[in-house]
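Below is one structure; the comments refer to it alone.
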There are 2 protein chains.
Amino acid sequence: MRADAKENRARVLTVARELFAERGLEVPMAAIARRAGVGVATLYRRFPTKESLVAEAFTEQFAVCQAFIDEALKDPDPWRGFCTVIEKVCRLQACDRGFTAAFTASFPDLHTEVRDRTWQDFGALVRRAKDSGQLRADFSPHDLTLVLIANGGLSSLPVEIATAASQRLVAYLLESFRAGTDVLPPPVPVSLDLVLG
Amino acid sequence: MRADAKENRARVLTVARELFAERGLEVPMAAIARRAGVGVATLYRRFPTKESLVAEAFTEQFAVCQAFIDEALKDPDPWRGFCTVIEKVCRLQACDRGFTAAFTASFPDLHTEVRDRTWQDFGALVRRAKDSGQLRADFSPHDLTLVLIANGGLSSLPVEIATAASQRLVAYLLESFRAGTDVLPPPVPVSLDLVLG
DNA sequence: TGGTAAGTGGAGACCCCCGTCCGCTTGGCG
DNA sequence: CGCCAAGCGGACGGGGGTCTCCACTTACCA
């Protein structure tokens, strides 16, 4: 690949990440091309479809999430590890309007291995936190999906507000995840694949 | 207004409510017209803009929410009244894909009086529940907006799943709204007007 | 029953978006 | 330095959305 082409590709990716975060996935390809200082054709040569651009733009974010979990599994305090993961992921999500959509839109086809591993590791995290007696026994890993979808709604707010709102929401939720007594409705096996268009 | 015209208008409204609930506000005007058995022009004669149709289609829902609050204020148990309102509104929201969008999209211009009154009444409900010692003192009425936005994200799921998921989410949240001890991040003065495009 | 204004529907103007095509430009090797 | 394939950008096709225009139909009153 020629040097200038490589540089263009990188700039497109950077710009795409910025715009997706600012305005969500519905930002037009033409806008990305313009801000990156290239033509539309260039953009489409490197990323044959908008979906592929989205997938590539967010693989980094997914890796970051996985890293959060890896780190949390090493935390000597299982409950703190559990909380930290949820707090960090939700903060990421609140700051990035495209995050949620990319999570649900580009996951099904691509990244399934990554997702499976993440899911498995999160399961371990949950198990550990339950065994320590600090996470309520009827917490379901599917509740993470619940939290992600709920928290994702906040990203339609302006960034500073979304961040603060997310913090408060997460604080509320974590409080009710702590081991207690109340009976909940049964866990919902929500899968991200279920999110419709 | 001629009799047939009146009937057509009513049918359009019914169909619009159905489709908005099923598929969200992004359903095309042409689809509504087709299902209502009228032409597009007829639809636009009665509702000069899509926004006006949305506003009209959801005024009933807003009235229903207000009714929930009115009823709750009469409940001898303030905490039960508070919980019931949140549960009912969230169930409504989970079943209706257009609800959240209409809430944020059509509210700013129209319905401001209704909204103000609803807001005031909810404030009274909150006050009552706090005075009874069952609602945590640092609960902010703005937290209702938080709940609505969060819960609104669930409506992108298929209806049955969304309903169950919403129930569980609300159960978690209500549990943490109950008077306790933990310190939260400060309340976020979220306004529905802040929701961007 | 007949006139007329209100009502109607479908074609199409206009806009925005995704993705492609094609003639021009340019990096970098021999 | 010269060549040429790799790279480029803008125009354009296709589809789908909102809303308008206009010739035709129909309810309803006298």
Side-chain angles (χ1 to χ4, degrees), chain A residues 1-58 97-98 101-102 104-106 108-110 196-197, chain B residues 1-58 97-98 101-102 104-106 108-110 196-197:
Chain A
M1 200 156 97
R2 241 163 62 176
D4 54 344
K6 195 173 293 187
E7 193 193 333
N8 278 342
R9 187 180 194 283
R11 201 165 54 250
V12 162
L13 258 183
T14 308
V15 166
R17 278 194 263 260
E18 287 171 12
L19 286 180
F20 287 151
E22 283 171 27
R23 303 204 250 144
L25 297 190
E26 78 282 4
V27 66
M29 293 294 261
I32 299 176
R34 198 172 344 112
R35 182 126 131 197
V38 302
V40 203
T42 301
L43 198 160
Y44 275 100
R45 164 144 341 88
R46 299 304 162 211
F47 306 95
T49 199
K50 183 171 185 175
E51 195 184 356
S52 68
L53 174 59
V54 170
E56 178 104 13
F58 283 94
R97 293 188 97 167
T104 63
S106 80
D109 31 337
L110 209 45
L196 305 176
Chain B
M1 198 156 96
R2 243 162 61 175
D4 55 343
K6 196 175 292 187
E7 193 193 333
N8 278 341
R9 187 183 193 280
R11 202 166 53 251
V12 162
L13 258 183
T14 307
V15 165
R17 277 193 266 259
E18 285 171 14
L19 286 180
F20 286 152
E22 283 170 27
R23 303 205 252 145
L25 297 191
E26 80 280 6
V27 66
M29 292 295 261
I32 299 176
R34 196 171 345 110
R35 181 126 132 197
V38 302
V40 203
T42 301
L43 198 161
Y44 275 99
R45 172 184 322 279
R46 300 303 161 210
F47 305 95
T49 199
K50 183 171 185 175
E51 194 184 356
S52 69
L53 173 60
V54 170
E56 178 104 13
F58 283 94
R97 293 187 99 168
T104 61
S106 80
D109 29 338
L110 210 42
L196 306 177

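Residue numbers start from 1 in every chain, and the chains themselves are labelled A, B, ... in the order their sequence lines are given, proteins ahead of strands.
- Atom CG in B/D4 sits roughly 17 Å away from atom P in C/dA5 (whole-Å rounding).
- Place A/G37 and B/V40 on DNA chain D by their nearest nucleotides, and A/G37 ends up nearer the 5' end.
- Among the protein residues, A/A3 comes within range of the sugar-phosphate backbone only, with heavy atoms under 4.0 Å from sugar or phosphate atoms but none that close to a base.
- Nearest to the side-chain atoms of A/R2 among the listed nucleotides C/dG19, C/dG7, D/dA6 stands D/dA6.
- Of the possible donor and acceptor atoms, one in the side chain of B/R11 sits under 3.5 Å from a partner among the backbone N and O of B/A36.
- Residue A/R46 is classed as a sugar-phosphate contact, given heavy-atom separations below 4.0 Å to backbone atoms only.
- Closest contact between the side chain of A/Y44 and the listed nucleotides C/dG19, C/dA6, D/dT20 involves C/dG19.
- With D/dA27, D/dT18, D/dG7 as the choices, the nucleotide that has an atom nearest any side-chain atom of B/M29 turns out to be D/dT18.
- Comparing D/dG7, D/dT18, D/dG10 against the side chain of B/P28 picks out D/dT18 as the nearest.
- Residue B/I32 contributes atom CD1, which lies 15 Å from atom P of C/dG9 at whole-angstrom precision.
- Taking atom CZ of residue A/R45 and atom P of nucleotide C/dC24, one finds them 16 Å apart after rounding to whole Å.
- A donor-acceptor pair under 3.5 Å links the side-chain atoms of A/K50 to the main chain of A/L25, judged by distance alone.
- Side-chain atoms of B/F47 and B/E56, non-hydrogen and from C-beta on, do get closer than 4.5 Å to each other.
- For the OP1/OP2 pair of D/dC8 and a distance below 4.0 Å, the side-chain nitrogens and oxygens of A/R9 include no atom meeting the criterion.
- The side chain of B/T42 places an N or O atom within less than 4.0 Å of a non-bridging phosphate oxygen (OP1 or OP2) of C/dG9.
- Considering only heavy atoms from C-beta on, A/L53 comes within 4.5 Å of A/L13 through its side chain.
- When each of A/A41 and A/L25 is assigned the nucleotide of DNA chain C bearing its nearest heavy atom, the one mapping closer to the 5' terminus is A/L25.
- The side chain of A/T49 contributes an N or O atom lying less than 4.0 Å from OP1 or OP2 of C/dG19.
- Look at CZ on B/R34: it is 11 Å from P on D/dG16, rounded to the nearest Å.
- Put simply, A/N8 has a side-chain N or O that comes within less than 4.0 Å of OP1 or OP2 on D/dC8.
- Contact check on B/E22 versus B/R35 returns a salt bridge, with a Lys/Arg side-chain nitrogen under 4.0 Å from an Asp/Glu carboxylate oxygen.
- Within the nucleic acid shown, A/A5 comes within 4.0 Å of sugar-phosphate atoms alone, with no base atom in reach, counting heavy atoms only.
- Checked options B/V15, B/V40, B/V38; the residue passing with B/I32 is B/V15 (criterion: side-chain contact (heavy atoms from CB on, under 4.5 Å)).
- For the pair A/E26 CD and C/dC18 C1', the computed distance is 15 Å after rounding to whole Å.
- Computed from coordinates, the A/E7 CD to C/dT26 C1' distance equals 14 Å when rounded to whole Å.
- When rounded to the nearest whole Å, the span between CE of A/M1 and C1' of D/dA5 equals 15 Å.
- Between D/dG9, C/dG19, D/dT18, one nucleotide has an atom nearer to the side chain of B/K50 than all others, and that is D/dT18.
- Between B/F47 atom CZ and D/dT18 atom P the separation is 15 Å, expressed in whole Å.
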